[in-house]
Protein chains: 2
Amino acid sequence: MTSVADRKLDVIFAALADPTRRAILIMLLEDDMAVTDVAAPFDMSLAAISKHLIVLADAGLISQEKRGRVKWCKLEPDAMRAATVWIQGFGQFDPLDFDAFERFLANEFPQVSP
Amino acid sequence: MTSVADRKLDVIFAALADPTRRAILIMLLEDDMAVTDVAAPFDMSLAAISKHLIVLADAGLISQEKRGRVKWCKLEPDAMRAATVWIQGFGQFDPLDFDAFERFLANEFPQVSP
DNA sequence: CCGATCGTCAACCACCTGGTTGAATATGCT
DNA sequence: AGCATATTCAACCAGGTGGTTGACGATCGG
């Protein structure tokens, strides 16, 4: 009884549930990148980053196109839209309320000061 | 050097990456529910649902309050708001508060920030 | 007090995840 | 051709996840 959309959301949310992968997505906001360049800032093997990129591609969050030796990674925002649509189905809050987010962090972790 | 916001998003997205847990959240939109009632529609043991509810509570997506024998589960939309804000930070939907977004990115992944 | 109900705990299982290393493949450069 | 670069593959490992079952403690109703 689990729908196709369900399974798609599974992999999208699972892909987003890792800080390394979220950081990669943020990096790709800037521009398309080769795998090696994606891996550069991380204290982690290239193979590990390669696997993270496959997870992101399987979720549809990025696409990968090989040109010559270099595999270029490109952000694909449509997949994220599916997640947003699901979350907004709750419809109980303003879609982009940064103040609310700040309050959320402050209330949740009052002991942590930057 | 993963930030607090990072780890919070980890558990929120991981909690959302399961169809049973997303279904539970949708059920809780309607009203607060006891654990047994949450479990009723699922073809799964009560213990399994109990564990799912703990995952949701650890993510802050629900709260649980025990009154007598019955443990009541209540939706907590603030945690979901954090996920929404992160996703919409990609700016494909609404105009952004760029100042807040930069602060958010710096907090999200300090070591790759410019 | 007794028996039913609510929910968790503990042990166990199969499978998945995120990481490593070293070898392999494919392409580009000179 | 020969070497360097880009990326993946394969095997492995530790720990996490999602499920089960059975026993257990707590609480309610009669």
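It should be emphasised that the depicted structure is a prediction, and the values quoted were computed from it without experimental measurement. Convention: sequence-line order gives letters A, B, ...; per-chain numbering from 1.
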Pair pattern of DNA chain C in dot-bracket, where unpaired bases get dots and | marks partners in another strand, Watson-Crick or G-U under 3.5 angstrom: |||||.||||||||||||||||||||||||
If the condition is side-chain contact (heavy atoms from CB on, under 4.5 Å), which residues does [X] pass it with, not counting sequence neighbours?
X     : value
B/A39 : B/L46, B/I49
A/A14 : B/A17
A/A48 : A/M44, A/S45
B/K74 : B/D32, B/S63, B/E76

Salt bridge (Lys or Arg N to Asp or Glu O under 4.0 Å) involving A/E30 - partner list, sequence neighbours excluded: none
Counterpart residues, salt bridge (Lys or Arg N to Asp or Glu O under 4.0 Å), relative to B/D10 (two or more places apart): A/R22
Pairs involving residues 53-73 of chain B, ordered by first then second residue, that meet salt bridge (charged side-chain N to carboxylate O under 4.0 Å, His left out) (sequence neighbours left out): B/E65-B/R67
Residue pairs fulfilling salt bridge (charged side-chain N to carboxylate O under 4.0 Å, His left out) with at least one residue in residues 37-56 of chain A, sequence neighbours excluded: none
Distance in Å, A/I87 CD1 paired with B/I12 CD1, rounded so as to fall on 0.5 Å steps: 9.0 Å
Nearest-Å distance for atom pair CD/P, residues B/Q64 and C/dC6: 16 Å
Interatomic distance, B/E65 CD vs C/dG7 P [rounded to whole Å]: 13 Å
Atom of B/A59, atom of B/A79 and distance for their closest heavy-atom approach: O-CB, 3.6 Å
Minimal non-hydrogen separation, B/K8 against B/G60, with atom names: NZ-N, 4.1 Å
Please tabulate, one pair per line, each protein N/O and nucleotide N/O from nucleotides 12-18 of chain C that are separated by under 3.5 Å, including the distance.
| unit_1 | atom_1 | unit_2 | atom_2 | d |
| --- | --- | --- | --- | --- |
| C/dG18 | OP1 | A/R21 | NH2 | 3.1 |
| C/dG18 | OP2 | A/R21 | NH1 | 3.1 |

Where chain B begins and ends its contact with DNA chain D, read 5' to 3' at 4.0 Å from heavy atoms: D/dG18 to D/dC28
Sequence-aligned protein contact record of nucleotides 21-30 of chain C, with B where the base is within under 4.0 Å of a protein heavy atom and S where only the sugar-phosphate is: B-----BS--
hydrophobic_cluster_shared for B/I62 and B/L29, side chain cutoff 4.5 Å: yes
Co-membership, hydrophobic cluster, residues B/V55 and A/F13, 4.5 Å side-chain: no
